[in-house]
Amino acid sequence: MEAIHNEEAKSYFSRELLTWYRRIKRDLPWRMNQDPYRVWVSEIMLQQTRVDTVIPYYERFMNKFPTVRALAEAPEEEVLKCWEGLGYYSRARNLQAGAREVVQRYGGIVPDDKAAVAGLKGVGPYTTGAIMSIAFNRPEPAVDGNVMRVLSRYFCLEDDIAKPATRVGIEKLAQSLIPKGAAGDFNQALMELGALVCTPKSPSCLPCPVMEHCSARWAGRETELPIKTKAKPPRPEKRVAVIITGTGAYEGKILVRQRPDTGLLAQMWELPHLLVPKDQEPLIDAADQSESNASTAEAGEWLTRSMEAETGLLIRPDRWLMDADHVFSHIHWKMRIYLADLGLDAIGATGASLAAETAAAYETGSLRSEYRWIGPEDMETLAFPNVFIRILREYWT
DNA sequence: AACTCGGGGGT
DNA sequence: ACCCCAGAGTT
């Protein structure tokens, strides 16, 4: 990071950007006032998530949990349900943990104190600066991807913005640019410019309020900057999921389970599924939509054995239903979904009259606690990842 | 420093 | 297809 920047270019940038922002800023729900709780919730939702995606979630969330105390006192599952589909679900849990901490330690008032805010769960360097500047107008930098892009271009910085050290350097630069008494507006102006004008692919330089002194523009390098190392592609995982239909008392219901409370999609509900080992992928791929051939039967047998070994459920695959792909930032699920029922014959039931009894035994006895029978109406209370929402919607229609 | 953690929109 | 997004936590 260069130690010296042109002071003239810097003061011009700060002045023109702030003026521009105050003229054109968007009317967003979290800009209604500077309530620190509203700012906090918005900043957590906006982490790695676009404004247009956040808006409806934000409205629902603030309606349901209008105050720090309301959020702190809510059941965790309701918070997770309200976050359903937004992704990065630990944000929701951390936000509520933070709300509970604010209630216990600060009497329900978000403290006007950098160290205290930075200590809240889920609040890192960016969010600390955003809350301190927007809610309290403190001169703290709030450096996100937009800001790194804008400043990399304006000052023609060639540091790799994927490296943490680069963000630290840009934070110092960003702080030095904050106009006196206008931290909140200026930080939002930087992000507004990045979102609306100085966009990643094809920046709109002509309407840009600071084009005149933009180093990258003068060098004709605005599309080359910022420099960022490429992310690794997500690793592929072949998975087989099953829609297990109930019988007897559970007629019309299917079996779902809740994920562990840490890790990927923690505490979300899902269809039972398992990872297909690399050497078994050909077997699963060979089974296709064709009614009943040898390869389909083989795949079904493999599924039955593997499901019992991993989940304790003795299932009886019926037929292939659909395939579904789901891409996380680090994993690519290639899912094959089968219809099945519980292998009642195999566990001793000889007639349909025993079906309900056997199924009940699954619920009270050998059915592990994370499993539940649900109908379509239960989708309104349990939180599912989008991939399973899509599959179940398809199944029930 | 590298990896984990969702999901969708823009190009 | 690929990139990126008002990033943070863990290892």
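Being a predicted model, the structure only gives us computed values, none of them experimental. Sequence lines set the chain letters: A, B, ... in the order given, protein chains first and strands last, and positions in each chain run from 1.
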State the [atom1]-[atom2] distance between [X] and [Y], to the nearest 0.5 angstrom.
X	Y	atom1	atom2	result
I243(A)	L271(A)	CD1	CG	5.5 Å
E301(A)	L283(A)	CD	CG	9.5 Å
W40(A)	D35(A)	CH2	CG	11.0 Å
I131(A)	D112(A)	CD1	CG	11.5 Å

Quantified in whole Å, what is the [atom1] atom distance between nucleotide [N] and nucleotide [M]?
N	M	atom1	result
dC4(C)	dC5(B)	C1'	16 Å
dA8(C)	dG8(B)	P	22 Å
dA6(C)	dT11(B)	P	13 Å

Subject >> No-hydrogen, no-angle side-chain donor-acceptor test under 3.5 Å, T49(A) and R91(A) >> reply: yes

**OP:** For the residue pair N146(A) and R149(A), confirm or rule out a side-chain donor-acceptor distance under 3.5 Å.
**Re:** yes

Please report, rounded to the nearest Å, how far the [atom2] atom of [N] is from the [atom1] atom of [X].
X	N	atom1	atom2	answer
Q267(A)	dC5(B)	CD	P	14 Å
W333(A)	dG7(B)	CH2	C1'	13 Å
L86(A)	dC5(B)	CG	P	18 Å
H332(A)	dC5(B)	NE2	P	17 Å
I331(A)	dA2(B)	CD1	P	19 Å
I55(A)	dG8(B)	CD1	C1'	15 Å
K201(A)	dG9(B)	NZ	P	16 Å
K232(A)	dA1(C)	NZ	C1'	19 Å

Subject >> Distance flag, aromatic centroids of W83(A) and Y88(A), threshold under 6.0 Å >> reply: no

Would you say a side-chain N or O of [X] is under 4.0 Å from OP1 or OP2 of [N]?
X	N	value
K230(A)	dC3(C)	yes
H330(A)	dC5(B)	yes
H326(A)	dG6(B)	no

Subject >> Residues within residues 379-397 of chain A bordering DNA chain B, heavy-atom distance below 4.0 Å >> reply: P385(A), N386(A), R390(A)

Original post:
So what does L190(A) hit on the nucleic acid, given a heavy-atom distance under 4.0 Å: a base, only sugar-phosphate, or nothing?
Top reply: nothing

Original post:
Under 4.0 angstrom, heavy atoms only, what part of the nucleic acid is K163(A) near: base, sugar-phosphate, or nothing?
Top reply: nothing

Subject >> Residue pair W333(A), H273(A): steps toward the ring pair (Phe, Tyr, Trp, His ring centres under 6.0 Å) verdict >> reply: CA-CA 11 Å; W333(A) 279 357; H273(A) 60 99; 5.1 Å; yes

Original post:
To which residues is M211(A) joined in a hydrophobic cluster, defined by side-chain heavy-atom contacts under 4.5 Å among Ile, Leu, Val, Met, Phe, Trp and Tyr, whether direct or through other members?
Top reply: L206(A)

**OP:** Scan nucleotides 6-11 of chain C nucleotide by nucleotide, 5' to 3', and note B when protein non-hydrogen atoms come under 4.0 Å of the base, S if they reach only the sugar-phosphate, - if neither.
**Re:** BBSS--

**OP:** Look at the aromatic rings of Y154(A) and F13(A) and report parallel, tilted or perpendicular, splitting at 30° and 60°.
**Re:** tilted

Subject >> side-chain hydrogen bond (donor to acceptor under 3.5 Å, both in side chains) partner of Q267(A), chosen from E77(A), Q258(A), R259(A), R93(A) >> reply: R93(A)

**OP:** Please name all residues satisfying side chain to side chain contact (heavy atoms under 4.5 Å, CB included) with A97(A), sequence neighbours left out, ordered by chain then number.
**Re:** K121(A)

Subject >> Inter- and intrachain pairs under ring-ring contact (aromatic ring centres under 6.0 Å, His included), touching residues 105-146 of chain A, at least two apart >> reply: none

Subject >> Intra- and inter-strand pairs of DNA chain B in dot-bracket (Watson-Crick or G-U wobble, both distances under 3.5 Å; | for another strand) >> reply: |||||.|||||

Original post:
Considering heavy-atom distances to DNA chain B, does D52(A) or M268(A) have its closest nucleotide positioned more toward the 5' end?
Top reply: M268(A)

**OP:** Between L264(A) and T53(A), just flag the one whose closest nucleotide in DNA chain B comes earlier from the 5' side.
**Re:** L264(A)

